[in-house]
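So that the names make sense, note that chain A is the first sequence line, chain B the second, and so on, each numbered from 1. The structure displayed is predicted, hence computed values, not measured ones.
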Number of protein chains: 2
Amino acid sequence: MADVARLAGVSSQTVSRVSNGYAGVTEETRRQVLAAMKELGYRPNSAARALKRGEFRTIGVITFSLATTGNVRTLEAIATSAASQGYAVTLLPVAVPTQDEVSGAFTRLEELAVDAVIVIMEVHLLDAATLTLPPHVQVVVVDSDAGDHYTVVDTDQAGGTRAAVRHLLELGHGTVWHLGGPEGSFAAQRRADAWRHTLAEAGRTPPPLVRGDWSAESGYRAGLELAARPECTAVFAANDQMALGLVRALHEHGRRVPGDVSVIGFDDIAEAGSFLPPLTTVHQDFAEVGRLCVEAVLRQMREGGPERGTTLVPTRLVTRASTAPPPA
Amino acid sequence: MADVARLAGVSSQTVSRVSNGYAGVTEETRRQVLAAMKELGYRPNSAARALKRGEFRTIGVITFSLATTGNVRTLEAIATSAASQGYAVTLLPVAVPTQDEVSGAFTRLEELAVDAVIVIMEVHLLDAATLTLPPHVQVVVVDSDAGDHYTVVDTDQAGGTRAAVRHLLELGHGTVWHLGGPEGSFAAQRRADAWRHTLAEAGRTPPPLVRGDWSAESGYRAGLELAARPECTAVFAANDQMALGLVRALHEHGRRVPGDVSVIGFDDIAEAGSFLPPLTTVHQDFAEVGRLCVEAVLRQMREGGPERGTTLVPTRLVTRASTAPPPA
DNA sequence: CCAGCAAATGTTTACGCAAACATAACACCC
DNA sequence: GGGTGTTATGTTTGCGTAAACATTTGCTGG
């Protein structure tokens, strides 16, 4: 900076003013400074800036596994959204979702140059780590019921589930089976609860819950079980991947979809419309979730306090070809 | 830090030593300092550290779209790998893959607190932006032919393609069609070139190239064309999503896979084994690519210079149920 | 024609840390 | 017992920036 100042024949302070776009610099001077910057290839040192300003203009995102579409889409939206506000996004991968690992991430985080954190995670793991968070770092959580401690942004799991289950009931199915996500996942928990609740509302008895782990492979295994039950004519899968595996298992055992069994997924991943048959599913607006996270976190930074409570992003049922009335 | 020093009854330098784990501090003193740190909730300020040390311990990753599995897996591996070396990863999303946007990202990058950059991108866009890179920032590129300017890590596109095409020829198909990726993508280019080359080697005439844009939807559209050609009995799709759409189109037009048409994909995404039929595809080791990127970039930082040349990560043909000999 | 003021620019300082250097305390040897 | 080395700790300094304050310049109005 000093070099630039010398070359432009001004003080370093004036260089700083130009570099930060402050008013009160003559057009003439400004041009000279910019020219000098260019000539010397000057770029402001962000460490010094951060030191002086006391903020990093960076948001940390804690997540384990980018294996699920949802996390990735959300992350993408967060990054884009943050960038448009002049914030960078730093990734904090947590390899194994154990309490230790999560605490570890928070510990690393403490040394990290971030002003705020967005946690995309099954957050029962978060509780014990709470205390170690540096106080001035704002937190927003996705996909969790931590609403009484943090700001939470989530999709409307219950609404989407209700729409899916009702759709199947309206087609005439006596009841709806559920291929749920892994234990310990709040999204899975929510969807299972809403499934049970919607059936109860309609006076139907929920069949036993079948569990997968979100993967297509686990959906396939579950499908092997369900294919053996002729009374099962409608399945609500907790995500599209499991639905995919489920359909494959049904198909391999001669149960046609949707002729014999109707299947609904959740997420509406990009490929869902190209499955065989094209999958009816619940669309989630991950981009909106990401956007809201950034908005919330920036608002918190301005206002200084965490807001409690949960913001829900609506879901939408996308009807394709994997659902139909039950066989006569 | 000064507060900690005062409370522990030592100098701030000693606090620094403890905080950085230097030798030459009595066990006694160390304990007192640690206690003081804990009591005051001391967190080292990373901006000040970075300023003093002249490095950020952060790697920037430039990518557009996290829509493709490959990019995401690679990113994940980069993040994990970097974390294990004590480096953070900052994400630089480029919304639209235009020259301007890319240059823009590089401009933002210049202000950004990173020591090195990994570019995951179709890199013909990179060329014009090259010059603006700050000289001390090391670059590694994924998925590109920029090997003469940068260090490049890539999967062995050609090898994978050759294995796929040969597999189909060995099954007895007269020739192999190719559902290619979008123009301007180097991966797509490589795969198409290798496809042509392998056919030529075997003395077969390549049919016209059909293009998609990586999406399942585009694969479906291409499939509509191919389904109308009875002479087409084997298709090598440039990725699994397009293969998925292709299979759906074929299925809808009464062409059985693999009975009438064999289909091979590329990538081996997690769901490929659950497609109907389970997809034969070329497995890419994205995790290895990510790991090698971090390794290369850190090595460059140590050694100060960019290494030219390309490192190839081997691929592997995964034979499932979507390929078979041609109909009699 | 100069007091008085605003706009443009310069000077000083501190952000928090760690490298470099300085000092103190102690052990060991001849 | 004084020199010599070794280890533990303290002091000074500067990293690059921008806020706060100081100064200069140019202009206005009475």
Could you give the [atom1]-to-[atom2] distance, from [X] to [N], as a whole number of Å?
| X | N | atom1 | atom2 | answer |
| --- | --- | --- | --- | --- |
| Q32(B) | dA8(D) | CD | P | 15 Å |
| R49(A) | dA14(C) | CZ | C1' | 18 Å |
| K52(A) | dT12(C) | NZ | P | 16 Å |
| M1(A) | dT13(C) | CE | P | 17 Å |
| M37(B) | dC17(C) | CE | C1' | 12 Å |
| Q13(A) | dT24(D) | CD | P | 17 Å |
| R6(A) | dT11(C) | CZ | P | 13 Å |
| R53(B) | dA19(C) | CZ | P | 8 Å |

Would you say [N] has OP1 or OP2 under 4.0 Å from some side-chain N or O of [X]?
| X | N | value |
| --- | --- | --- |
| Y22(A) | dA19(D) | yes |
| N45(B) | dC15(C) | no |
| T29(B) | dA8(D) | no |
| S12(B) | dG10(D) | no |
| R17(B) | dT9(D) | no |
| T26(A) | dT9(C) | yes |

**OP:** Verify, without hydrogens or angle tests, whether Q157(A) (side chain) and R190(A) (backbone) share a donor-acceptor contact under 3.5 angstrom.
**Re:**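 Side chain of Q157(A) to backbone of R190(A), a donor-acceptor pair under 3.5 Å: no, none is there.
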- Is the backbone of Y22(A) close enough, under 3.5 Å, to the side chain of N20(A) for a donor and an acceptor to pair up by distance?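 Absent.
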So, R299(A) and E303(A), do they make that salt bridge, N to O below 4.0 Å?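 Salt bridge absent between R299(A) and E303(A).
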If you check the [X] side chain, which of [options] turns out closest?
| X | options | answer |
| --- | --- | --- |
| S11(A) | dA18(C), dG10(C), dC15(D) | dG10(C) |
| T14(A) | dG16(C), dT9(D), dG10(C) | dG10(C) |
| S19(A) | dG16(D), dA18(D), dC17(C) | dA18(D) |
| V10(A) | dG10(C), dC17(C), dA18(C) | dG10(C) |

_Which heavy atom of A77(A) sits nearest to which heavy atom of G290(A), and what is that distance?_
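Looks like CB-CA, 3.8 Å.
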Could you check whether R49(B) and S19(B), counting side-chain N and O atoms only, form a donor-acceptor pair closer than 3.5 Å?
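There is such a pair between these side chains.
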### Upstream residue (5' side of DNA chain D) when R30(B) and P44(A) are each assigned their closest nucleotide
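Nearest-nucleotide comparison on DNA chain D picks R30(B).
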